[in-house]
**Student:** 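This is the structure I have questions about; it appears just below.
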Number of protein chains: 2
Amino acid sequence: MTQEQFAKYSFLLDRTARKVKQYAQQQFKQGNFDVTVDQWIVLKNLSEGGDMSQTELANLVFKDHPTLTRIIDLLVKKGYVERLPHPQDRRSFQLHLTDSGVSKVTSLRPKILQIREKAWENLDEQDFEEFKRILNTIYQNLGGQILE
Amino acid sequence: MTQEQFAKYSFLLDRTARKVKQYAQQQFKQGNFDVTVDQWIVLKNLSEGGDMSQTELANLVFKDHPTLTRIIDLLVKKGYVERLPHPQDRRSFQLHLTDSGVSKVTSLRPKILQIREKAWENLDEQDFEEFKRILNTIYQNLGGQILE
DNA sequence: TTCATATATTTGTCACACTAACTATTTGTA
DNA sequence: TACAAATAGTTAGTGTGACAAATATATGAA
C-alpha cells in the first residue's frame, strides 16, 4: 500500500459522502420538505431525545456549536423548534419541538427513510458491518470517540 | 436490515468524512501550509495533469464549476496558479501552475502524504479493497459515474 | 450567413464547517 | 465571600458546496 493510495481513499470517501448528501438534498427539495438534510437530522434527534440543551444536541449530532446555533435559528424561524429558558441555568436553553415540528417529523420520517435506502442497494449485511467497522476505525484513528 | 439502519450508516459516512477533512485541515494549519485541503487537491491535480481548462479540472476533482472558480481565484491571489488565455477558445482559460505553485506542491507533497496515512492505521489491504468497492457501489447507486 | 443552441466561466444566494473571539452565567477554590 | 476558571451560547470571518441565472463565445443547421 503506497502513500498515494491513502490520498485516493480519502478522496473517494469525501466524494461519496458529498454524493449521498447531495442526493438526499435533491429528494428533499423535490418533495418540498421545507427542511435541509442537516435540519432534518436535528429535528429527528430532538424528536427522539426529547427536550435538551444545545450542547447536548450538538454532541448527539456531531456538529459544532456555531453550526448548531444557526441550524436552530432556521428551525425556530420556520416554527418547528422553540428555545425555552432552562429552569436552573440561565445560560442555557431547553430546545423544544413545537406541535408543528412534531407533525413535520411524523410526516417526513417514512419518506426520508425511503430516500436513505437508495444509497445502499446492491450491498449486503456483511458489507454494512465491514463498512461500519472501517468508518469507525478511521474515526478513532483521528481521535474521535465512537458510540456504543 | 431495517430502514433505520440505512439512516445510521448515512450518518456515520458523513461524520467520518467530516472528521478526515477536519483532521487534515488542522494539520495543514499547524504546518502553515498556506493552502486549504481543497486548494491542495486542485494544486495537486494541476501538477499531475499539466495545464488544463477549468472544466477539465472540475471533472477531475469532482467539484462543480462555481466552487472551482472560487478556489482558483484564491490560488491566483496567492500566486500559485495563473489563468492563461486559451489559444483557440476565448471563453476558456488554460490553468497554469506558477513557479511558486510548483515549488509549493513539491514541498508539501511528502508532508501531506504522511498526514493522509494517519486515517488508515489499523486497517489492512483487504479492508481498503472492501472500502473502495462499497464507496463506489454507493456512488453508482446514486447515479454517479465511477472512474477506471 | 444567420440564428438557435451549446459551452466555459462567473455571479449571486443560501446553507454548513471550522476557528476565534466575545457575552453572560455558573462553579470551584482560596 | 471573592475571584479565577469553566461552561452555554452567539457573532464574525473565511472557505466550501449546491443550485440558478447571467455573460461571453463558439458551433451547427437552415
Side-chain angles (χ1 to χ4, degrees), chain A residues 14-30 33-42 52-59 61-78 81 83-95 142 144, chain B residues 14-30 32-42 52-59 61-78 81 83-95 142-144:
Chain A
D14 181 62
R15 184 181 80 156
T16 306
R18 272 190 284 136
K19 189 69 164 185
V20 167
K21 189 159 185 177
Q22 184 204 5
Y23 175 80
Q25 190 59 60
Q26 272 178 355
Q27 301 298 114
F28 275 39
K29 179 164 193 170
Q30 201 172 314
F33 289 3
D34 186 41
V35 290
T36 65
V37 171
D38 297 278
Q39 288 163 21
W40 164 253
I41 290 169
V42 165
M52 67 183 86
S53 73
Q54 292 190 193
T55 296
E56 289 171 303
L57 186 52
N59 292 333
V61 299
F62 289 84
K63 292 185 183 299
D64 58 27
H65 297 234
T67 298
L68 192 59
T69 290
R70 285 179 182 116
I71 292 176
I72 300 290
D73 285 348
L74 292 170
L75 291 173
V76 168
K77 200 176 295 178
K78 290 177 181 176
V81 172
R83 287 181 168 106
L84 305 177
H86 188 288
Q88 275 82 44
D89 190 337
R90 283 191 300 167
R91 293 169 306 181
S92 182
F93 298 113
Q94 286 298 105
L95 299 174
L142 302 181
Chain B
D14 181 61
R15 183 181 79 157
T16 306
R18 273 189 283 139
K19 189 71 166 186
V20 168
K21 189 157 185 180
Q22 184 203 5
Y23 175 80
Q25 190 58 59
Q26 273 178 355
Q27 301 298 116
F28 276 38
K29 179 161 195 171
Q30 201 173 314
N32 292 308
F33 289 3
D34 187 41
V35 291
T36 66
V37 171
D38 297 278
Q39 288 163 22
W40 164 253
I41 290 169
V42 165
M52 65 184 88
S53 73
Q54 294 191 188
T55 296
E56 289 170 302
L57 185 52
N59 292 334
V61 299
F62 289 84
K63 294 185 183 297
D64 66 9
H65 297 228
T67 298
L68 191 60
T69 290
R70 285 168 184 130
I71 291 175
I72 299 291
D73 285 347
L74 293 171
L75 290 172
V76 168
K77 201 175 295 176
K78 290 177 180 176
V81 172
R83 287 182 168 106
L84 304 177
H86 187 289
Q88 274 83 44
D89 189 339
R90 282 192 299 166
R91 294 169 305 179
S92 183
F93 298 112
Q94 288 296 108
L95 298 174
L142 302 182

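Hydrogens, waters and symmetry mates play no part in the numbers below; they use all other heavy atoms, side chains included.
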**Student:** Show the nearest heavy-atom pair for residues V35(B) and W40(B), with the distance to one decimal.
**Tutor:**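 Minimum heavy-atom separation between V35(B) and W40(B): CG2-CB, 4.3 Å.
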
**Student:** Rounded to the nearest angstrom, tell me the gap between atom NZ in K29(A) and atom P in dG17(D).
**Tutor:**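 For the pair K29(A) NZ and dG17(D) P, the rounded distance is 18 Å.
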
**Student:** I want to confirm an ordering. Mapping D64(B) and H65(A) to their closest nucleotides on DNA chain D, which one lands closer to the 5' end?
**Tutor:**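 Closer to the 5' end of DNA chain D: H65(A).
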
**Student:** How many angstroms lie between CD in Q22(A) and NZ in K19(A), if you round to the nearest 0.5 Å?
**Tutor:**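 NZ of K19(A) is found 5.0 Å from CD of Q22(A).
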
**Student:** Is the phosphate of dA15(C), meaning OP1 or OP2, less than 4.0 Å from a side-chain N or O of Q25(A)?
**Tutor:**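 For dA15(C), neither OP1 nor OP2 has a side-chain N or O of Q25(A) closer than 4.0 Å.
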
**Student:** Between V42(A) and D38(A), is any pair of side-chain heavy atoms under 4.5 Å apart?
**Tutor:**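 Side-chain contact under 4.5 Å: no.
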
**Student:** From CZ of R15(A) over to P of dA18(D), roughly how many Å is that when rounded to an integer?
**Tutor:**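 Whole-Å distance recorded here is 13 Å.
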
**Student:** Is the shortest side-chain N/O distance from T55(B) to OP1 or OP2 of dT7(C) below 4.0 Å?
**Tutor:**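 Answer is no, no contact under 4.0 Å.
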
**Student:** Find out whether L57(A) and K63(A) are in side-chain contact, i.e. whether some heavy atom of one side chain is under 4.5 Å from a heavy atom of the other.
**Tutor:**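 The answer is no, as the side chains (C-beta and beyond) never meet within the 4.5 Å cut-off.
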
**Student:** Rounded to whole angstroms, how far apart are CG on D73(A) and C1' on dA12(D)?
**Tutor:**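 About 14 Å, once rounded to whole Å.
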
**Student:** Checking the side chain of R83(A) only, and the main-chain atoms of I72(A) only, is there a donor and an acceptor separated by less than 3.5 Å?
**Tutor:**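 Not a single qualifying donor-acceptor pair exists.
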
**Student:** Answer yes or no: is there a donor N or O on one side and an acceptor on the other, between the side chain of Q25(B) and the main chain of V37(B), under 3.5 Å?
**Tutor:**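 Yes; at least one donor-acceptor contact below 3.5 Å.
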
**Student:** Between dC18(C) atom C1' and K19(B) atom NZ, what is the distance in whole Å?
**Tutor:**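 K19(B) atom NZ is separated from dC18(C) atom C1' by 12 Å.
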
**Student:** Measure across K21(B) and D14(A) and return the closest heavy-atom pair with its distance rounded to 0.1 Å.
**Tutor:**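 Scanning both residues, the minimum pair turns out to be CD-OD1, 4.4 Å.
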
**Student:** What is the distance, rounded to the nearest whole Å, between atom CG of N59(A) and atom P of dT7(D)?
**Tutor:**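 Distance, rounded to whole Å: 12 Å.
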
**Student:** How many Å lie between CD1 on I72(B) and C1' on dT9(C), as a whole number?
**Tutor:**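 Whole-Å distance recorded here is 12 Å.
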
**Student:** Strictly below 4.0 Å, N to O, side chains only: are D73(A) and K77(A) in salt-bridge contact?
**Tutor:**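 A salt bridge is absent here (no side-chain N lies under 4.0 Å from a carboxylate O).
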
**Student:** It should be established whether Q54(A) places a side-chain nitrogen or oxygen under 4.0 Å from OP1 or OP2 of nucleotide dT10(D).
**Tutor:**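 Yes, Q54(A) has a side-chain N/O under 4.0 Å of OP1/OP2 on dT10(D).
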
**Student:** For dT10(C) and T69(B) - does any side-chain N or O of the residue sit under 4.0 Å from the phosphate oxygens OP1/OP2?
**Tutor:**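 Yes, such a contact exists.
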
**Student:** Would you mind reading off the distance between Y23(A) atom OH and dC19(D) atom P, rounded to a whole angstrom?
**Tutor:**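 Roughly 13 Å, once rounded to whole Å.
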
**Student:** Find every protein N or O atom lying less than 3.5 Å from an N or O atom of nucleotides 14-16 of chain D, and list the pairs.
**Tutor:**
from	atom 1	to	atom 2	distance (Å)
dT16(D)	OP1	T36(B)	OG1	2.3

**Student:** Look up atom CG in N59(A) and atom CD in Q54(A), then write down how far apart they are to the nearest 0.5 Å.
**Tutor:**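 So the CG of N59(A) and the CD of Q54(A) are separated by 12.0 Å.
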
**Student:** If I take atom CG in residue L84(B) and atom P in nucleotide dA8(C), what distance separates them, rounded to the nearest angstrom?
**Tutor:**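 Going from L84(B) (CG) to dA8(C) (P), I get 18 Å.
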
**Student:** Which parts of residues 85-94 of chain B get close to DNA chain D, meaning a heavy atom less than 4.0 angstrom away?
**Tutor:**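 Q88(B), D89(B), R90(B), R91(B) - these, ordered by number, are the residues of the stretch whose heavy atoms sit under 4.0 Å from the strand.
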
